[in-house]
> 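Here it is, the structure in full.
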Amino acid sequence: MRVAYLFTTFPKLSERFFLREVIELKRQGLSLSIYSMIGGSADSEAGPVRCFSLMDWLRIIPESLYWLWVQPAACQTILIHFFRARFGSWTNFGENSL
């Protein structure tokens, strides 16, 4: 099994529990890919981290339109869950939007 972890910023000192979780899953032999959307480090104690580039951000729009065309029901379900969710703060809303 392969798992992708998508973080706003990784590694982040204030969220060491994520780092410990990733390290433990790798120790157990799980194949992980780690992505950091905003900043972060290209390498961490958990291994290599793929930081989003400008091209990654620009590619989101055509990719979103593609999946909206190919899987409209799935996209609708995701959007319904997103707009029904309650966010504790604007920061939390922004991170979930990303």
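The basis for the numbers below is simple: all heavy atoms, side chains too, and nothing from hydrogens, waters or symmetry mates. Just so you know, these numbers come straight off a predicted model, no measurement behind them.
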> If the plane angle is over 60° it's perpendicular, under 30° parallel, otherwise tilted; pick one for Phe87 and Phe93.
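Because their plane-to-plane angle is over 60°, the rings of Phe87 and Phe93 count as perpendicular.
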
> Please tabulate, one pair per line, all N/O donor-acceptor pairs under 3.5 Å involving side-chain atoms of residues 47-55, not counting sequence neighbours.
{"from": "Arg50", "atom 1": "NH2", "to": "Asp56", "atom 2": "OD1", "distance (Å)": "3.1"}
{"from": "Arg50", "atom 1": "NH2", "to": "Asp56", "atom 2": "OD2", "distance (Å)": "3.4"}
{"from": "Ser53", "atom 1": "OG", "to": "Met55", "atom 2": "N", "distance (Å)": "3.4"}
{"from": "Ser53", "atom 1": "OG", "to": "Asp56", "atom 2": "N", "distance (Å)": "3.3"}
{"from": "Ser53", "atom 1": "OG", "to": "Asp56", "atom 2": "OD2", "distance (Å)": "3.3"}

> Applying a strict under-4.5 Å side-chain criterion to I, L, V, M, F, W and Y, I'd like to know whether Ile60 and Leu6 cluster together.
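Same cluster.
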
> Has Ile61 got more than 12 heavy atoms of other residues, nucleotides or ligands less than 6.0 Å from its CD1?
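No, the 6.0 Å shell around CD1 holds no more than 12 heavy atoms from other groups.
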
> Determine whether Ile78 and Trp67 satisfy the following criterion, side-chain contact (heavy atoms from CB on, under 4.5 Å), listing intermediate values before the conclusion.
CA-CA 12 Å; Ile78 291 169; Trp67 287 109; over 6 Å; no

> Side chains of Ile23 and Phe18: closer than 4.5 Å at any heavy-atom pair?
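Side chain of Ile23 against side chain of Phe18, heavy atoms only: no contact under 4.5 Å found.
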
> Please report the C-alpha distance between Val70 and Tyr66 in whole Å, then the side-chain angles of each, then the deciding distance to 0.1 Å, and finally whether the side-chain contact (heavy atoms from CB on, under 4.5 Å) criterion is met.
CA-CA 6 Å; Val70 173; Tyr66 169 80; 3.4 Å; yes

> I'd like a table of donor-acceptor pairs (distance under 3.5 Å, sequence neighbours excluded) in which one partner is a side-chain atom from residues 26-40, with atom names and distances.
{"from": "Lys26", "atom 1": "NZ", "to": "Ala46", "atom 2": "O", "distance (Å)": "2.9"}
{"from": "Arg27", "atom 1": "NE", "to": "Glu24", "atom 2": "OE1", "distance (Å)": "3.0"}
{"from": "Arg27", "atom 1": "NE", "to": "Glu24", "atom 2": "OE2", "distance (Å)": "3.4"}
{"from": "Arg27", "atom 1": "NH2", "to": "Glu24", "atom 2": "OE2", "distance (Å)": "2.6"}
{"from": "Gln28", "atom 1": "NE2", "to": "Glu24", "atom 2": "OE2", "distance (Å)": "2.8"}
{"from": "Ser31", "atom 1": "OG", "to": "Arg2", "atom 2": "NH1", "distance (Å)": "2.7"}
{"from": "Ser33", "atom 1": "OG", "to": "Arg2", "atom 2": "NH2", "distance (Å)": "2.6"}
{"from": "Ser36", "atom 1": "OG", "to": "Phe10", "atom 2": "N", "distance (Å)": "3.0"}
{"from": "Ser36", "atom 1": "OG", "to": "Gly39", "atom 2": "O", "distance (Å)": "2.7"}

> Transitively linked via ILVMFWY side-chain contacts under 4.5 Å: Leu65 with Trp57?
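Result: no, two separate clusters.
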
